[in-house]
Asker: 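Have a look at this one before I ask anything.
Bear in mind that the values here come from a model prediction, so they are computed numbers and not experimental data.
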Amino acid sequence: MPISKTTFFSGLLAGIAIGASGFWIHQTYKTHGDRGACLQTYPNISGSLLLENDYVVVQRFTFPPGQWEGVHAHPANQLYIHLTDAHWKSRFGGQTSTGSYSAGSIGWYGPVTLDEDHESVNIGKDPIDLIWVTLKDGCNTDA
């Protein structure tokens, strides 16, 4: 019997948490702004800090339909996991693009600075649930 995507990703997240031997923090990232550039932050979207240890920061965000994130940066060395189907419109400066991702899509994101004028909007009908895993190696933890 095939395993469902929900079961698979629940197990994946549990494995990340257990394997990283970190501790769970169930507060929004906004209370942890002093942790530096390894946290993914958005002006218009709150997230949850799921795990932080010496190696990674794991965060979860939900993007309501029609909601722009606001112009933001990305730290280096990020893995993203779409927990739900996603339909995005993204802007980098004056350039826009659209893309769709299936639940379970995984990808890699490099650094983006604020001066690149980057933001995205959920153009779908349903909320987008997304996990960011940021490797601390390469991001500035002293910020």
Side-chain angles (χ1 to χ4, degrees), residues 2-20 22-141 143:
I3 190 168
S4 73
K5 287 182 183 179
T6 302
T7 302
F8 173 78
F9 286 106
S10 295
L12 175 67
L13 290 176
I16 289 171
I18 293 167
F23 58 91
W24 287 98
I25 300 172
H26 295 284
Q27 296 175 327
T28 62
Y29 74 89
K30 289 183 178 182
T31 63
H32 301 285
D34 60 331
R35 300 224 171 156
C38 291
L39 287 174
Q40 180 61 54
T41 60
Y42 299 101
N44 302 331
I45 303 290
S46 294
S48 296
L49 179 61
L50 301 177
L51 169 74
E52 181 177 10
N53 63 25
D54 291 340
Y55 306 102
V56 298
V57 175
V58 181
Q59 295 172 271
R60 183 176 185 162
F61 294 90
T62 301
F63 303 85
Q67 178 66 56
W68 283 92
E69 305 159 328
V71 174
H72 62 278
H74 285 269
N77 301 323
Q78 286 187 297
L79 172 80
Y80 62 82
I81 306 165
H82 282 98
L83 300 179
T84 58
D85 291 342
H87 306 285
W88 295 103
K89 178 179 180 180
S90 295
R91 182 171 61 83
F92 275 93
Q95 304 291 322
T96 61
S97 62
T98 59
S100 294
Y101 302 86
S102 300
S105 296
I106 298 173
W108 187 258
Y109 222 78
V112 176
T113 61
L114 280 175
D115 63 351
E116 292 180 74
D117 197 28
H118 164 65
E119 65 178 330
S120 299
V121 61
N122 175 357
I123 59 173
K125 295 178 183 175
D126 298 311
I128 296 171
D129 221 2
L130 183 70
I131 298 287
W132 282 111
V133 179
T134 304
L135 302 180
K136 284 191 170 181
D137 186 27
C139 70
N140 180 9
T141 58

Asker: Sequence neighbours left out, what passes side-chain contact (heavy atoms from CB on, under 4.5 Å) with P127? Give chain and number order.
Answerer: T62, P65
Asker: Kindly say whether H72 contributes a backbone atom to a donor-acceptor pair with the side chain of E116 at under 3.5 angstrom?
Answerer: no
Asker: Report yes or no: does Q40 contribute a side-chain atom to a donor-acceptor pair with the main-chain N or O of W132 at less than 3.5 Å?
Answerer: no
Asker: Measuring only between side-chain heavy atoms, which start at C-beta, is W88 closer than 4.5 Å to H82?
Answerer: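 Result yes, sub-4.5 Å side-chain heavy-atom pair found.
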Asker: Do the side chains of R91 and V121 get nearer than 4.5 Å, heavy atoms only?
Answerer: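 No - every pair of side-chain heavy atoms lies 4.5 Å or more apart.
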Asker: Within the 4.5 Å heavy-atom criterion, are N77 and W108 side-chain neighbours or not?
Answerer: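 Heavy-atom side-chain distance check passes, below 4.5 Å.
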Asker: Using side-chain contact (heavy atoms from CB on, under 4.5 Å) as the criterion, list what pairs up with S97, not counting sequence neighbours.
Answerer: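 Applying side-chain contact (heavy atoms from CB on, under 4.5 Å) to S97 gives S90.
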Asker: Please name all residues satisfying ring pair (Phe, Tyr, Trp, His ring centres under 6.0 Å) with F92, sequence neighbours left out, ordered by chain then number.
Answerer: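 Here the qualifying residues are H118.
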Asker: Between R60 and L83, does the side chain to side chain contact (heavy atoms under 4.5 Å, CB included) criterion hold? Intermediate values first, please.
Answerer: CA-CA 10 Å; R60 183 176 185 162; L83 300 179; 3.6 Å; yes
Asker: Does atom CG of D137 have more than 12 heavy-atom neighbours from other groups under 6.0 Å away?
Answerer: no
Asker: Within this structure, what is the CD1-NE2 distance for the pair I128 and H87, rounded to the nearest 0.5 Å?
Answerer: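 Between atom CD1 of I128 and atom NE2 of H87 there are 7.5 Å.
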Asker: Supply the atom-to-atom distance T41 OG1 to F61 CZ, rounded to the nearest 0.5 angstrom.
Answerer: 7.5 Å
Asker: Using atom types as modelled and distance alone, determine if a side-chain donor or acceptor of E69 lies under 3.5 Å from a backbone N or O of S120.
Answerer: yes
Asker: Is there a side chain to side chain contact (heavy atoms under 4.5 Å, CB included) between T134 and L39? Walk through the geometry before answering.
Answerer: CA-CA 7 Å; T134 304; L39 287 174; over 6 Å; no
Asker: Check whether any side-chain heavy atom of D85 lies under 4.5 Å from a side-chain heavy atom of D126, and answer yes or no.
Answerer: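 The answer is no, as the side chains (C-beta and beyond) never meet within the 4.5 Å cut-off.
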Asker: For the backbone of F63 and the side chain of N122, can you confirm whether one donor and one acceptor N or O come within less than 3.5 Å of each other?
Answerer: yes
Asker: Output the distance between atom OH (Y42) and atom CD (Q59), rounded to the nearest 0.5 Å.
Answerer: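 That separation rounds to 8.5 Å.
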Asker: Atom CG in L79, atom CD1 in I131: separation rounded to 0.5 Å?
Answerer: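 Between atom CG of L79 and atom CD1 of I131 there are 10.0 Å.
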